[in-house]
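Before any comments, here is the structure.
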2 protein chains.
Amino acid sequence: MKYSKQRELILQALKDNPVHPTADYLYSCLKDANPELSLATVYRNLNLLADNGIINRVSGLDGSAHFDHNTHKHYHFICSKCNKVYDVPYDIAPDLEARTTAATGLKTESADVVLHGICPDCQKLYN
Amino acid sequence: MKYSKQRELILQALKDNPVHPTADYLYSCLKDANPELSLATVYRNLNLLADNGIINRVSGLDGSAHFDHNTHKHYHFICSKCNKVYDVPYDIAPDLEARTTAATGLKTESADVVLHGICPDCQKLYN
DNA sequence: CTAAAATCAATAATGATTATCATTATTGTT
DNA sequence: AACAATAATGATAATCATTATTGATTTTAG
């Protein structure tokens, strides 16, 4: 993996961004200040970084893939109104892999948990 | 919701099918015996049945929506090799909604859990 | 039986993502 | 510093799952 300033830019933007952005959203944030950047490059680099374990790809939320610079084990909450993503600590449901294997015999390697609801910001708006 | 023989057919096929099929897979199973059936009809009816709570739409597995005639609370395991889906009992991680709210304050309405691994059939094949 | 409403099949359109391709940038080496 | 080898880029076309549209047909209420 060679250096590229685009990759540097994308990684930094992800680290500065707490909302678990999609490729498209990240592109829309960056393109004004970086008109030479292309959407394909954003997709390419997010996938490359995720494949190398430097960031986390979070699928199964809402049809689009989201990206997360937090590579520790944790779960996600997505707001059904605004689609913002929040982190949820691992210990609300620890050891799901082992528990699944114990209950079903299915050899389990990883577990994704997605909680759905309405975030505090949207609660206020829709009152 | 009026009666239609296509809907009857699709619902019955889903009940007979333990693998949590996608719309596309269900269509490929039915089209030979029912050449008049169209893929759009399968999509339309699966969504309609799911919206009315008669069946369950399972998203977040692998990019395609899967459908499940089991409407009880439970979780899913998907095989990373063959993409077959298995049911996992609810009690491996009960009360995730309440636990999330307790841990984070996020008002949570539903919880999806997806386990990943290799199913027994594929374990045999890849030994 | 007739008309309004729901349904249908076929196909065009959409949205997210990936592949292609000619060009450019990075790297380790003469 | 020039040199190939390779990886990365921008622009755009292609793909895949799904949804919308359209005009014809079927079902049910009156």
Side-chain angles (χ1 to χ4, degrees), chain A residues 1-14 19-52 54-68 76 78 82-85 114, chain B residues 1-14 19-52 54-68 76 78 82-85 114:
Chain A
M1 196 154 75
K2 289 183 187 175
Y3 172 87
S4 90
K5 57 173 172 291
Q6 287 88 339
R7 183 151 50 239
E8 188 68 37
L9 178 72
I10 290 162
L11 184 57
Q12 196 53 53
L14 185 66
V19 303
H20 305 64
T22 62
D24 199 63
Y25 177 77
L26 219 42
Y27 173 66
S28 74
C29 294
L30 292 171
K31 71 176 169 190
D32 288 337
N34 307 273
E36 83 288 356
L37 187 69
S38 117
L39 177 59
T41 300
V42 177
Y43 271 102
R44 232 188 325 240
N45 279 291
L46 288 172
N47 282 327
L48 192 63
L49 289 165
D51 290 346
N52 286 71
I54 297 160
I55 65 173
N56 227 272
R57 187 192 290 104
V58 188
S59 312
L61 291 176
D62 64 349
S64 302
H66 292 244
F67 293 86
D68 187 353
H76 293 103
I78 183 164
C82 68
N83 280 23
K84 239 181 302 188
V85 177
V114 180
Chain B
M1 198 154 72
K2 288 185 189 172
Y3 173 87
S4 91
K5 56 174 175 288
Q6 286 85 344
R7 184 152 48 243
E8 189 67 37
L9 179 72
I10 290 162
L11 183 57
Q12 196 52 54
L14 185 65
V19 303
H20 304 63
T22 62
D24 199 62
Y25 178 76
L26 219 41
Y27 174 64
S28 75
C29 294
L30 293 171
K31 70 177 170 190
D32 288 338
N34 307 274
E36 82 290 354
L37 188 69
S38 112
L39 176 58
T41 299
V42 178
Y43 272 104
R44 206 173 327 116
N45 281 290
L46 288 172
N47 283 325
L48 193 63
L49 289 164
D51 290 345
N52 286 69
I54 297 159
I55 64 172
N56 228 273
R57 187 192 290 104
V58 188
S59 310
L61 291 175
D62 64 349
S64 300
H66 292 245
F67 294 85
D68 187 353
H76 292 104
I78 183 165
C82 68
N83 281 22
K84 236 181 307 190
V85 177
V114 180

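To find a chain, count down the sequence lines: A is the first, B the second, and so on, and within it residues start at 1.
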Check: Is a side-chain N or O of B:H20 found less than 3.5 angstrom from the main chain of B:D68, in a donor-acceptor match?
Finding: no
Next item on the list: Calculate the interatomic distance between A:L46 atom CG and C:dT18 atom P; express it in whole Å.
Entry: 11 Å
Note to self: Give the residues of residues 24-33 of chain A touching DNA chain C, defined as any heavy atom closer than 4.0 Å, sorted by residue number.
What the structure shows: none
Margin query: Once side-chain contact (heavy atoms from CB on, under 4.5 Å) is applied, do any residues pair with B:D32, and if so which ones, sequence neighbours excluded?
Written below: none
Notebook entry, point to check: Hey, does the side chain of B:N45 come within less than 4.0 Å of C:dC8's phosphate (OP1/OP2), counting only N and O?
Noted result: yes
Next item on the list: May I have the distance from A:N83 (atom CG) to C:dA16 (atom P), rounded to whole angstrom?
Entry: 11 Å
Notebook entry, point to check: Within the side chain of B:D62, is there an N or O that forms a donor-acceptor pair under 3.5 Å with the backbone of B:S64?
Noted result: yes
Checklist line | Of the listed nucleotides D:dA8, C:dC8, D:dT9, the one nearest the side chain of A:Q6 | finding: D:dT9
Check: Partners of B:K84 by salt bridge (Lys or Arg N to Asp or Glu O under 4.0 Å), sequence neighbours excluded?
Finding: B:D121
Next item on the list: Give one of base, sugar-phosphate or nothing for B:A65, where a contact means two heavy atoms less than 4.0 Å apart.
Entry: sugar-phosphate
Checklist line | NE2-CG distance between A:H66 and A:L14, expressed to the nearest 0.5 angstrom | finding: 12.0 Å
Note to self: Which nucleotide wins on minimum distance to the side chain of A:M1, given the candidates D:dA8, C:dT7, D:dT9?
What the structure shows: D:dA8
Item checked: Distance, rounded to the nearest Å, where A:H66 contributes NE2 and C:dG15 contributes C1' -> 14 Å
Next item on the list: Between protein and nucleotides 19-30 of chain D, map the contacts as a letter string: B base, S sugar-phosphate only, - none, heavy atoms under 4.0 Å, written 5' to 3'.
Entry: BB------BS--
Next item on the list: Not counting sequence neighbours, list each pair that qualifies as a side chain to side chain donor-acceptor pair (under 3.5 Å) and has a residue in residues 37-51 of chain A.
Entry: A:R7-A:N45, A:T41-A:R44, A:N47-A:R57, A:D51-A:R57
Check: Who are the side chain to side chain donor-acceptor pair (under 3.5 Å) partners of A:K5, not counting sequence neighbours?
Finding: none
